[in-house]
Amino acid sequence: MSLIISNILILGGIGLVAAVVLYMVSKKFAVKESPRIKAVEALLPGVNCGACGKAGCHDFAKACAEANTEDFKNLHCTVGGQSTMQKIADLLGYKTAEKDPTVAVLRCQGSCANAPAKFEYTGLKSCRLVSRIATSQSECPDGCNRMGDCVRACKFGALRLDDITGLPVVDENKCVSCGACVAICPKKLFEIRPKGKNGERVYVACRNRQKGAVARKNCLAACIGCTKCTQIHPDIKVQDNLSYIPMNVDASQYGEKLAQICPTGAIVYTGKKEQQS
Amino acid sequence: MLKISTAPHLNAPLSTRSIMFNVILALLPTLIAGIMFFGFNALLVVVTSVAGCVAFEYLFCRFVTQTETSTWDLSAVVTGLLLAFNLPATIPLWMVLVGCFMAIILSKMVYGGIGKNMFNPALVGRVFLFISFPVEMTTWIKPQFLNFMSPDAQTAATPLKILKHLSADGSADELPSYFQMFVGNIGGCIGEVSALAILIGFVYLLYKRIISWHITFYYLSSFFILISLHWLITKSPGADPLAHLLSGGLMLGAVFMATDYTTSPMSPNGKIIFAIGCGVLTYIIRIYGVYPEGVSFAILIMNAFVPLIDKLYIPRLFGTARR
Amino acid sequence: MIKKKTFSIGGIHLDKHKITAAMPIVDAGLPELVYIPVKQHIGAPAKILVKKGDKVKVGTLLADADGIVSADIHSSVSGEIVKIDEIIDADAYPETMIVIKVEGDEHEPNIDLSPTIISEIPYTPEEIINKVRSSGIVGMGGAGYPTPVKITISEGKKVDTLLINGIECEAYLTADGRLMVEKAEQIIIGARIINKALGIQNAIIAIDENKPEAIEIMSRLTKKYVGVNVCVCQSKYPQGAEKQLIAAITGREVPPGKLPVDVGCIVHNVGTAFAIYEAVQKNKPLYERIVTVTGDDAAEHLGNYRVRIGTPASFLIAKTTQHPEHIGKIIFGGGMMGVSAVNMDAPLTKLTSGILLLNDQDAVKPPEIACIRCAKCLDACPMGLRPFAIASAIKSNDFAELKRLHTQSCIECGSCAFICPARIPLLDYCKLGKIEVKKQQ
């Protein structure tokens with residue numbers, strides 16, 4: 001009996017001492033922080049993706065809480081989107097700036113069919129490594145490596161490699177345009193563009209700057225710099241044999257025309273979203 | 001179509017499977033010695049253990065993780081051999097299979113398979129059996145050299161048990177001669193009796209550069225130094241250093257168990273700390289503990305310290321001051 | 001008996017791959033067309049001085065160095081420039097190249113082609129540096145750093161030892177070894193020229209022990225030259241890496257992020273020393289080099305060739321094998337650090353020390369399996385890094401950990417990936433780690 005009592009006393013004593021020490025330590029080293037930061041952080045998605053330009057969600061919350069009205073307009077959480085920013089603004093008593101929802105688009109159509117592989121790579125699948133020792137899978141110097149560094153970089157599961165084309169596919173519903181794929185792609189193939197009304201977007205899905213004939217030889221869907229698209233809209237410019245459609249070109253008005261006039265199909269027009277459901 | 005890949009374009013001949021194969025080769029002399037001393041029964045235990053380990057690993061990969069089976073890297077065979085070497089020849093075969101289950105499933109596969117386990121699988125299996133079935137695990141038969149089918153095997157005490165009694169009250173059987181203990185003509189587990197066979201395997205592993213000598217050397221020498229000091233100070237006949245060195249699982253543990261890649265530290269200095277820790281713990285358990293044998297507990301305890309040792313002892317970065 | 005030196009941390013022993021070690025250097029001959037890239041060095045591409053249709057001779061200046069860290073480019077053949085355009089290189093990226101159609105073999109008149117060895121050095125350091133600069137010499141060990149910069153001591157630095165790197169630890173390559181056997185005296189004079197430019201007295205020619213012929217010849221000839229000595233090192237990889245060589249011979253270790261000059265050493269390759277000799281004493285710009293063509297069984301006629309810069313690799317490969325379809329992989333350089341080529345017609349540059357041909361089986365990298373924590377990579381790393389930890393930090397996207405692991409100290413020698421029994425591409429992970437660490441800064 002005495003054994004049991006002594007055991008209880010000893011173990012209980014150790015527990016008590018530890019509890020007191022823990023309590024004192026937590027009091028002594030507690031970091032004082034504005035409760036507003038905590039409140040803002042609670043509203044954030046908490047994925048620490050860094051798309052806002054801050055080190056993580058806590059950092060962003062701190063920036064929000066400490067911002068004045070003007071600064072706050074420049075802060076935007078792409079993951080949470082407009083609704084989250086509205087909640088934060090309500091909490092802090094600010095006004096949000098209107099921001100259109102955006103999405104990442106892949107500016108390459110160098111699929112297995114359009115740009116067939118010219119060599120066989122064995123070893124660690126990584127676009128960043130392969131692009132150092134060879135171009136893309138084809139001889140296109142600016143094409144997709146089809147190894148999926150972007151897929152691994154995406155924290156939201158919004159990217160996958162298509163089995164047939166070999167190219168990454170963006171899941172519009174999951175993409176929060178955090179920019180991880182933009183940062184990691186060694187060929188800078190991703191671009192964050194406005195989602196557009198009804199999901200209508202139009203963009204040049206090619207980054208090849210080679211002369212038309214060479215570009216076409218490397219990839220069937222390459223932009224050959226023919227300048228036909230520049231006749232549709234004055235803002236579209238062709239530079240170094242490569243066309244670029246600025247974001248202000250209205251996709252619903254010009255998208256279909258642009259896609260039709262492009263001889264290689266390098267211009268992609270997503271069409272209205274309702275049709276795809 | 002030309003193939004491309006990043007540098008280097010060459011590979012050393014040693015692969016995981018060839019390393020495991022070499023370890024199996026190094027274990028062969030011990031296996032032969034075990035069969036010679038304990039007969040057909042020993043072979044049966046070894047075959048059961050190896051088959052059990054391989055089967056458990058295969059089934060786990062097939063039905064639980066549903067990944068490609070990892071049995072072809074031969075590591076399960078090594079585990080099976082080492083587990084059997086840590087068992088007496090008279091153990092019922094169903095207990096061997098229980099040991100295999102503990103070793104492969106609970107100590108290796110649930111951690112994520114080869115390379116991820118914290119504790120040496122064979123030792124976990126052995127300790128589990130040792131604690132669960134103490135009678136069967138400590139029934140030793142007298143070795144009968146080249147008598148393969150012995151129906152009326154006599155039981156015999158292991159040298160360690162004799163040593164334990166010697167230090168307790170001085171009344172015990174006589175110790176076998178050092179030569180008998182070196183060759184292995186003593187009672188004990190299948191694979192731990194013959195120091196000679198184990199040393200042949202050790203030399204082979206060193207020659208093939210599979211393991212470095214550090215862990216084995218520092219383990220044995222730290223233990224030997226401590227037990228010699230104890231012997232010199234107390235004059236206890238139960239602390240005969242040579243007898244301790246040659247008996248029990250010390251040799252097998254120091255050569256094949258403590259040197260296990262996965263459960264030992266990676267940096268050279270860490271390896272030394274680990275080995276000395278094993279030596280000290282083995283000494284403490286053997287002399288002051290209840291059990292006569294302490295090797296498996298010592299190694300398992302030090303296994304738990306490996307992550308810490310790996311964090312503390314890292315190699316010196318080129319161009320920075322020597323520590 | 002000379003004591004054999006080596007570095008103390010890590011290193012691996014490579015199998016004997018030096019198939020071509022005893023084969024004398026032979027002239028590869030002239031191809032029909034040469035493709036001369038205007039960027040064969042670290043730094044800015046050279047500015048092109050010629051145009052299509054120009055007639056050039058061997059040694060004619062084609063492109064002028066653009067800035068300090070850049071190098072002149074000379075014609076390696078005589079003939080007519082037929083094209084200046086972007087042509088795909090070994091990695092299939094387009095590079096600006098000057099294409100010359102070969103007509104005859106006429107050299108610039110000031111180039112001394114006689115075999116006499118000139119040991120007198122009547123030039124001042126400035127003259128030497130200028131001659132080296134106008135000869136377009138770059139570090140021929142593979143880094144491609146312009147040599148004039150490396151024989152000029154910058155303000156505030158002090159150099160006491162010149163090391164001539166005759167250690168060809170890379171698997172398969174024998175070009176430097178043959179050069180030391182056949183052009184030993186020229187290399188020694190080249191070392192003395194560098195000495196004079198640096199204003200120091202002593203030079204050490206480091207040779208590894210698996211080249212007994214080179215050691216014998218060099219030891220005999222260096223007796224004639226005061227201040228030049230031979231040092232024999234162990235055959236260990238990467239003994240020829242700059243930092244490991246300095247550690248082996250002088251015992252000094254270059255701290256992380258520092259250069260050899262910070263510990264008072266300058267290292268030049270034997271090929272560079274020979275090129276400097278030819279440039280200074282013979283007015284011969286760098287337009288040819290020794291290239292080892294080697295491989296286990298993908299080709300028949302292996303050897304060490306003297307090749308004009310810009311010769312397509314396919315020209316050399318055609319000389320060595322009748323069956324190019326048996327080749328699985330073409331590697332520019334050696335087996336450990338060489339770069340596998342996508343394009344067989346890519347030209348050889350100033351930096352190509354060898355062409356390694358592997359058959360179909362050897363060309364494939366074995367698949368990666370689970371790490372068994374054998375610590376062989378840790379034992380092999382000559383920089384004292386922990387490659388397995390870098391690999392797992394990459395896999396778990398722990399970029400802060402990468403910096404703590406000193407990933408940027410990796411010299412990319414490939415010892416870890418070579419030795420790994422689980423065939424984990426550790427070097428690839430280290431390279432990815434370096435990319436990520438650089439991105440963060």
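Please read these numbers as outputs of a predicted model, since none were measured by experiment. In what follows, chains are A, B, ... by sequence order, proteins preceding strands, each numbered from 1.
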Part of [X] within contact of chain A (heavy atom distance under 4.5 Å):
| X | value |
| --- | --- |
| C:V339 | side chain |
| C:A341 | neither |
| C:K329 | neither |

Measuring only between side-chain heavy atoms, which start at C-beta, is [X] closer than 4.5 Å to [Y]?
| X | Y | answer |
| --- | --- | --- |
| A:S126 | C:D428 | no |
| A:L124 | C:K431 | no |
| C:I88 | A:T135 | no |

Hey, does the side chain of A:T122 reach the backbone of C:K365 with a donor-acceptor pair shorter than 3.5 angstrom?
->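 It does hold such a pair.
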Ignoring hydrogens and geometry, is there a side-chain-to-backbone donor-acceptor pair from C:Y93 to A:S131 under 3.5 Å?
->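 Answer holds: yes.
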Would you name the heavy atoms of C:P94 and A:Q210 that are closest together and state the gap between them?
->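 In this case the closest contact between C:P94 and A:Q210 is CG-NE2, 3.8 Å.
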Looking only at heavy atoms, which two atoms of C:V342 and A:F119 are closest? And how far apart?
->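 C:V342 and A:F119 have their closest heavy atoms at CG1-CD2, 3.4 Å.
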Count the heavy atoms belonging to other residues, nucleotides or ligands that lie under 6.0 Å from [atom1] of [X], then report whether that count exceeds 12.
| X | atom1 | value |
| --- | --- | --- |
| C:Y145 | OH | no |
| A:K38 | NZ | no |
| C:K439 | NZ | yes |
| C:K434 | NZ | yes |
| C:Q440 | CD | yes |
| A:K62 | NZ | no |

Rounded distance [0.5 Å steps], CD1 in A:I184 versus CD1 in C:I435 |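 Those atoms lie 9.5 Å apart.
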Interatomic spacing from CZ in A:R132 to CG in C:D91 - rounded to 0.5 Å |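 Answer for the CZ-CG pair, A:R132 versus C:D91, is 12.0 Å.
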Does the distance from a Lys or Arg side-chain N to an Asp or Glu carboxylate O, for A:R128 and C:E436, drop under 4.0 Å?
->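 Yes, this pair counts.
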Of the backbone (N, CA, C, O) and the side chain (C-beta and beyond), which part of A:S138 lies under 4.5 Å from a heavy atom of chain C, both, or neither?
->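 Nothing of A:S138, per the 4.5 Å heavy-atom cut-off to chain C.
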